[in-house]
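Everything on this sheet refers to the single structure shown next.
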Amino acid sequence: MIGALKLSSAQQAMLSLALIASSLDRHERDALLSCAVAVRYEPQDVLFYEHEKARYFYCLLSGYVRLFRGSDGREADVSICEPGESFGEGLVLAGDGYNYSAQAMEHAVLARFDIARVKGLLHEKPRIAGAIARSLSQHLLSTMDCLARDRMQTSPQRVAHYLLTHCTSEGTRASLRLPFQKSLLARKLGLAPEALSRAFSALRTSGVTVSGRAIAIEDVNLLRQV
């Protein structure tokens, strides 16, 4: 980790749009953000480990963070967090230790919230607890959607769904540039790197062309049929 700095006005503005703060009024939001500082992490830096006593929760400002669990030398990804997403906030309401580990996958900037200070706000500003509960509900719904896709969709279907929900279209053609390496996309979709490569190969017949991080889709209607 590289230092801890006061949140800039731009960072505060971004946080005000994040789910954890967007439903709060200005006074509530200012009180919540007063409990946060900006922290920077290098790629592969670990923010915290599973079962470690929790002092902070986080909201990602830039970069990507991997949440994962480990046992007997093996690791399983829980989620890949993107800018605007928060994690660990449930510990304000219940729990003492992190139930997963967190690792920066690229250069990452985060808002780090002091859990004890946020807890101290809840009696005076109970809507902050409601905002945290709202954020947790969204995490739950996202997890359920991810679990359903993992069980019901093939690897090519998972990749096709990601492409269709992130591409920029012009008529029937579409394109996107991955904001991260394909290895991170594989983690995000719950696939092994080899399975992602096979999925992209299978999607060639549906008009998907991959060149590095650039992806072109010849016909989005055809891709929807995968």
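Only heavy atoms go into these numbers, but all of them, side chains included; no hydrogens, no water, no symmetry mates. Numbering of residues begins at 1 and proceeds along the displayed sequence.
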- Query: Can Arg158 and Gln153 be said to form a side-chain hydrogen bond (donor to acceptor under 3.5 Å, both in side chains), step by step?
  - Reply: CA-CA 6 Å; Arg158 286 190 229 173; Gln153 293 184 336; 5.6 Å; no
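- Using modelled atom types, one side-chain atom of His166 and one backbone atom of Tyr162 make a donor-acceptor pair closer than 3.5 Å.
- Separation of atoms OG1 (Thr172) and CD1 (Ile217) is listed at 11.0 Å; rounding is to 0.5 Å.
- Residues Ile80 and Leu184 are in side-chain contact: their nearest non-hydrogen atoms beyond the backbone lie under 4.5 Å apart.
- Looking only at distances, no side-chain donor or acceptor of His107 sits under 3.5 Å from a matching main-chain atom of Ser62.
- Within the 3.5 Å criterion, the main-chain N or O of Ser79 finds no donor-acceptor partner in the side chain of Arg187.
- A donor-acceptor pair is defined here as one N or O able to donate and one able to accept, closer than 3.5 Å; such a pair exists between the side chain of Ser8 and the backbone of Gln11.
- Judged by distance alone, the side chain of Asp45 and the main-chain N or O of Glu42 form a donor-acceptor pair under 3.5 Å.
- For the atom pair OG of Ser135 and CG of Leu19, the computed distance is 4.5 Å after rounding to the nearest 0.5 Å.
- For Arg112 and Tyr56, the positive end sits near the middle of the six-membered ring, less than 6.0 Å away and at most 45° from its axis.
- Applying the salt bridge (Lys or Arg N to Asp or Glu O under 4.0 Å) definition to pairs two or more places apart or across chains, none involves residues 8-18.
- Here the side chain of Arg29 pairs a donor or acceptor atom with the backbone of Leu24 at under 3.5 angstrom.
- With hydrogens and angles disregarded, a donor-acceptor distance shorter than 3.5 Å links the side chain of Gln103 to the backbone of Gln44.
- Rounded to the nearest 0.5 angstrom, Tyr58 OH and Leu47 CG are separated by 5.0 Å.
- Looking at every heavy atom in both residues, Cys59 comes nearest to Phe113 through CB-CE1, 4.1 Å.
- The main-chain N or O of Gly212 is found under 3.5 Å from a side-chain atom of Lys182 such that the two form a donor-acceptor pair.
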